[in-house]
There are 2 protein chains.
Amino acid sequence: MPENNNEIPDIVIGRLPLYLRALQYMVLEEQMVTSSKELAERLGISAAQIRKDLSQFGEFGKQGTGYQVEFLIKKLRQILNVDTIWDVIIIGAGDIGHGIARYPNFGAQGFRVVAVFDNNPNKIGTKIGDFSVQDSAVMPAIIKQSNIKIAMIAVPASQAQLVVDDLIQAGIKAILNYAPITINVPKGIQIQYIDPVMHLQKMTYYLK
Amino acid sequence: MPENNNEIPDIVIGRLPLYLRALQYMVLEEQMVTSSKELAERLGISAAQIRKDLSQFGEFGKQGTGYQVEFLIKKLRQILNVDTIWDVIIIGAGDIGHGIARYPNFGAQGFRVVAVFDNNPNKIGTKIGDFSVQDSAVMPAIIKQSNIKIAMIAVPASQAQLVVDDLIQAGIKAILNYAPITINVPKGIQIQYIDPVMHLQKMTYYLK
DNA sequence: TAGATTGTTAATCGATTAACAATC
DNA sequence: TAGATTGTTAATCGATTAACAATC
């Protein structure tokens with residue numbers, strides 16, 4: 001007896017934020033309705049792929065008409081769990097930490113930075129926008145107390161694994177890692193990487 | 001008569017910088033030799049995949065022994081065209097522009113930031129580390145004059161497409177885009193995206 | 001009704017993995 | 001020689017695309 005196969009591919013999940021982003025620009029342009037064809041052209045992918053991806057989660061369109069932009073945004077936000085606000089912490093108050101602490105796009109997209117930590121005594125207590133940098137020593141307590149699930153780490157590569165281990169110990173479930181090093185995490189913990197060097201080195205392959 | 005199929009998949013190219021990064025940490029740890037198995041464990045991928053990827057470019061290992069770390073690094077840098085230094089410019093002198101202008105990892109990885117541009121008169125002439133911010137108006141001339149091929153853009157989403165069009169017009173061939181919007185570029189131009197929100201939204205799908 | 005576009009199936013295409021002969 | 005590990009093939013697995021009935 002075949003199981004109902006309801007495992008949605010990770011690669012599909014990865015495209016949903018892309019769709020959401022494009023739809024939000026349509027709202028800014030006061031466009032009410034779109035189609036898989038139009039979205040596909042904007043994003044440079046195939047219309048069939050967009051329809052197939054969306055159909056994993058329900059029937060959000062109308063034949064002959066397409067998709068209501070606002071409605072599809074609402075559905076995507078529900079699917080991605082960004083129809084509420086997630087509190088996020090930052091570890092590392094260097095240049096990158098400063099940059100992401102002030103990043104203006106998190107708010108509208110479901111994320112709120114609530115604390116910045118560092119273990120350097122010279123940085124503890126300094127101000128970044130609204131927050132003052134807190135001692136990493138109090139980090140686990142604050143994670144537990146505020147039930148925070150998401151962290152962004154911007155510490156030196158040499159410290160990244162240790163910091164991640166501490167974060168997971170304290171209850172963090174998702175990590176966005178700016179340190180240029182591969183981190184090991186147990187199953188069930190999400191980790192994503194941002195490393196501009198990787199992108200640049202991929203592009204130079206094709207240059208000259 | 002079958003053509004020699006020497007088109008290397010883009011997805012393979014994307015993994016090479018990851019291998020390179022891991023190998024460089026091995027050098028720091030004074031490890032001389034590695035194996036596909038060890039690399040695979042570090043990176044959380046399969047050993048077969050690493051061997052297959054590398055074999056696209058040559059035979060870099062020895063049976064029974066594995067790979068000489070320094071030698072493989074040298075080969076990967078050649079393949080990726082990062083065995084020389086690429087000059088890179090930054091457009092946009094806001095928080096993100098500041099952050100990447102001071103990013104410490106570019107130098108050792110084949111990239112050198114040589115200029116930062118902005119079109120805001122309040123920012124033009126201000127200092128970021130060693131450079132002063134230049135007027136975007138002079139950007140095309142400088143790109144041509146210095147034969148710059150790579151740009152990183154950190155401007156508002158609303159300006160990103162226009163800036164990219166200008167850059168390509170001036171001769172830029174590869175763009176790392178920090179603006180949270182999909183950009184259209186002609187064939188033959190490389191573009192890569194960095195958007196922390198996308199990564200966060202992908203992870204929240206799996207949370208609770 | 002005619003035109004447009006969805007959701008879905010089946011076919012195609014491409015990527016990953018398992019396995020092993022070769023060989024260091 | 002025995003053990004280890006490569007490079008490569010073939011099999012498997014998964015993702016994308018083309019096509020079209022359904023239907024707005």
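Each chain gets a letter, A, B and so on, in the order its sequence line appears, and its residues count up from 1.
Remark: P of dT6(D) and CG of Leu72(B) are 11 Å apart, rounded to the nearest angstrom. As rounded to whole Å, 12 Å separates atom P of dA10(D) from atom NZ of Lys52(B). Rounded to whole Å, atom P of dA22(C) lies 14 Å from atom CD of Glu59(B). Rounded to an integer number of Å, the gap from Arg51(B) CZ to dT17(C) C1' is 10 Å. The CD atom of Gln49(B) sits 9 Å away from the C1' atom of dT17(C) (whole-angstrom rounding). Atom CD of Glu7(A) and atom C1' of dC13(D) are 15 Å apart (whole Å). Look at CD1 on Ile11(B): it is 6 Å from P on dA15(C), rounded to the nearest Å. One can place CD1 of Ile50(B) at 9 Å from P of dT6(D), the figure rounded to the nearest angstrom.
For dA4(C), neither phosphate oxygen OP1 nor OP2 lies less than 4.0 angstrom from any side-chain nitrogen or oxygen of Gln63(A). Neither OP1 nor OP2 of dT5(D) sits under 4.0 Å from any side-chain N or O of Ser36(B). The phosphate of dT16(C) has OP1 or OP2 within less than 4.0 Å of a side-chain N or O from Arg15(B). Of the side-chain N and O atoms in Thr65(B), none sit less than 4.0 angstrom from OP1 or OP2 of dC24(C). Distances shorter than 4.0 Å separate some side-chain N or O of Tyr67(B) from OP1 or OP2 on dG7(D).
Lys37(B) comes within 4.0 angstrom of no nucleic acid atom, judged by non-hydrogen atoms across all strands.
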Please walk me through it: do Phe106(A) and Val88(A) pass side chain to side chain contact (heavy atoms under 4.5 Å, CB included)?
-> CA-CA 10 Å; Phe106(A) 290 137; Val88(A) 178; over 6 Å; no
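The distance from the CD1 atom of Ile183(A) to the OH atom of Tyr193(A) is 5.5 Å, given to the nearest 0.5 Å.
Pairing of dA10(D), defined by two Watson-Crick or G-U wobble distances under 3.5 Å, is identified with dT17(C). Summarising the base pairing, dC24(D) is matched to dG3(C) through a Watson-Crick or G-U wobble pair whose two defining distances lie under 3.5 Å.
At least one donor-acceptor pair under 3.5 Å links the side chain of Trp86(A) to the backbone N or O of Asn81(A). The main-chain N or O of Gly66(A) is never found under 3.5 Å from a side-chain atom of Ser35(A) such that the two would form a donor-acceptor pair.
In the model, Tyr103(B) has no side-chain atom that pairs as donor or acceptor with a side-chain atom of Asp95(A) under 3.5 Å.
Positionally, the nearest nucleotide of DNA chain D for Phe60(B) lies more toward the 5' end than for the other of Ser46(A) and Phe60(B).
Candidate nucleotides dT5(D), dT8(D), dT5(C) were compared by shortest atom distance to the side chain of Ser35(B), and dT5(D) ranks first.
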